[in-house]
Amino acid sequence: MNIQGQAALVTGGGSGLGEATARELARLGAKVAVLDLDLAQAHRVAADIGGIACPCDITDSDSLQAAIAQAAEQHGPARILMHIAGIGAAKRIIARDGSPAPLEDFARVVNVNLIGTYNAARLFAAECAKLLALEDGERGVMVFTASVAAFDGQVGQQAYSASKGGVVGMTLPMARDLAQHGIRVCTIAPGLFSTPLMKTLPEPVQASLAASIPFPARLGKPEEFAQLACHIATNTHLNGEVIRLDGALRMAPR
Ligand SMILES: NC(=O)c1ccc[n+]([C@@H]2O[C@H](COP(=O)([O-])OP(=O)(O)OC[C@H]3O[C@@H](n4cnc5c(N)ncnc54)[C@H](O)[C@@H]3O)[C@@H](O)[C@H]2O)c1
């Protein structure tokens, strides 16, 4: 798909990987809607790139539907969904005092990262399927965001790994499901990227994480994620695939 002139939705576009993707899409000529829980951040990015900010909680169907409708009203219906919003979490299944981890903590992470992804996908796809087909019969493309923790989750990452593993698992069946509508689905599984989330860690921890990456031995740049996300949008033959973007990193147990 030619990104130029297309309307695009970027969930989590107010920060980190989402912000970089929103910027890259705008640079390539897309009309970008920045969908985020944090409206101030969404406004900051949207103002900078000539896009629009749409407040939304990806776990809330009404709020997400309203954001998609608001974006469509201003930019026309979107053919590109970059779904990047997500949360991190770490908790051992048995606490130091021997008590079991609260079930609500596990459910919250799965709700945002996995069910939130499905929610965005189903609402976007239903609108996209109504559009006229482009070249090759293509109507739209979705890019999801998993993590290498879907494959090599560390101690304490059960909820996060389960949520991202779920995103990996639904990529192929969703691509198969939507093939008849000409809508592609791919997932990026990032390794360790330098985002506000990562910058909350102390410097020595960030340095040691960077050193664990075979090559290049540095944290990924959000722009590198954005480049891949936009490549997926442009390369029509990429579909149903999960791509690790991690400098050959394989996470250790802890
Ligand atoms: N940074 C990394 O190294 C890394 C590695 C692997 C995977 N990821 C994944 O990449 C994605 C982006 O990570 P990041 O580092 O840029 O994080 P970030 O915290 O900088 O950005 C995430 C954005 O998502 C938004 N968001 C959170 N919950 C939301 C909700 N319910 N509804 C709408 N918006 C919501 C936040 O407000 C924030 O703007 C996440 O899904 C994360 O799990 C990041």
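In each ligand, atom 1 is the first atom listed, and ligand 1 is the first ligand listed. Given the structure is predicted, the values throughout are model-derived calculations rather than measurements. No hydrogens, no waters, no symmetry mates; every other heavy atom, side chains included, goes into these values.
Within a 6.0 Å radius of CZ in Arg122, other residues, nucleotides and ligands contribute more than 12 heavy atoms. For Arg250, the CZ atom is densely surrounded, since the number of other residues' heavy atoms within 6.0 Å is greater than 12. Residue Tyr118 qualifies as open at atom OH: its count of foreign heavy atoms under 6.0 Å is 12 or below.
The shortest N or O to N or O distance between Leu192 and ligand 1 is not under 3.5 Å. Distances between N or O atoms of Asn113 and those of ligand 1 include no value under 3.5 Å. When only interatomic distances are considered, the shortest N/O to N/O separation between Leu35 and ligand 1 does not fall below 3.5 Å. In terms of polar-atom proximity, Ile84 is counted as a contact of ligand 1, with an N or O under 3.5 Å from an N or O of the ligand. Distances between N or O atoms of Asp57 and those of ligand 1 include at least one value under 3.5 Å. At least one N or O atom of Leu37, backbone or side chain, sits closer than 3.5 Å to an N or O atom of ligand 1.
For atom 1 (N) of ligand 1, the nearest protein heavy atom (residue, atom name, distance) is Thr195 OG1, 3.2 Å. Closest protein heavy atom to atom 17 (O) of ligand 1: Leu197 CB, 4.0 Å. Atom 9 (C) of ligand 1 has its closest protein heavy atom at Thr145 CG2, 3.7 Å. Protein heavy atom nearest atom 44 (C) of ligand 1, with residue, atom name and distance: Leu17 CD1, 3.9 Å. Among all non-hydrogen protein atoms, the one lying nearest atom 4 (C) of ligand 1 is Gly191 O, 4.1 Å.
Ranked by closest heavy atom to atom 8 (N) of ligand 1, the top entry among Phe193, Phe144, Tyr160 is Tyr160. Considering each of Gly16, Ser15, Ser194, the one bringing a non-hydrogen atom nearest atom 18 (P) of ligand 1 is Ser15. Closest heavy-atom approach to atom 36 (C) of ligand 1 within the set Asp36, Val167, Ile58: this belongs to Asp36. Within the set Gly86, Ala42, Ser63, Cys56, the minimum heavy-atom distance to atom 27 (C) of ligand 1 is found for Gly86. Distances from atom 26 (N) of ligand 1 to the heavy atoms of Ala85, Ser147, Pro190 show the closest one on Ala85.
Leu17 contributes atom CG, which lies 5.5 Å from atom OG1 of Thr195 (distance to the nearest 0.5 angstrom).
In terms of heavy-atom proximity, Pro77 sits nearest to Ala7 at O-CB, 3.7 Å.
Ligand 1 is never approached by Gly88 to a heavy-atom distance shorter than 4.0 Å. At least one heavy atom of Ala146 sits closer than 4.0 Å to an atom of ligand 1. Within the structure, the closest approach of Lys164 to ligand 1 falls below 4.0 Å when heavy atoms are considered.
With a 4.0 Å cut-off on non-hydrogen atoms, Met198 touches ligand 1 through its side chain and not its backbone.
Between Glu19 and Arg44, at least one side-chain nitrogen of the basic residue sits less than 4.0 Å from a carboxylate oxygen of the acidic one, meeting the salt-bridge criterion. At a threshold of 4.0 Å, the pair Arg244-Asp152 counts as salt-bridged, since one of the basic side-chain nitrogens sits closer than that to a carboxylate oxygen. Salt-bridge check for Glu104 with Arg108: failed, with every basic side-chain N at 4.0 Å or more from each acidic carboxylate O.
If you chain together hydrophobic residues whose side chains sit under 4.5 Å apart, Val242 and Ile232 never meet in one group. Both Leu25 and Val143 are part of a single hydrophobic cluster, where members link through side-chain heavy atoms under 4.5 Å apart.
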Kindly determine whether Leu249 and Ser212 satisfy side-chain contact (heavy atoms from CB on, under 4.5 Å), including the steps that lead there.
CA-CA 7 Å; Leu249 171 70; Ser212 70; 3.7 Å; yes
side-chain hydrogen bond (donor to acceptor under 3.5 Å, both in side chains) between Ser15 and Asp38, worked out
CA-CA 9 Å; Ser15 176; Asp38 188 332; over 6 Å; no
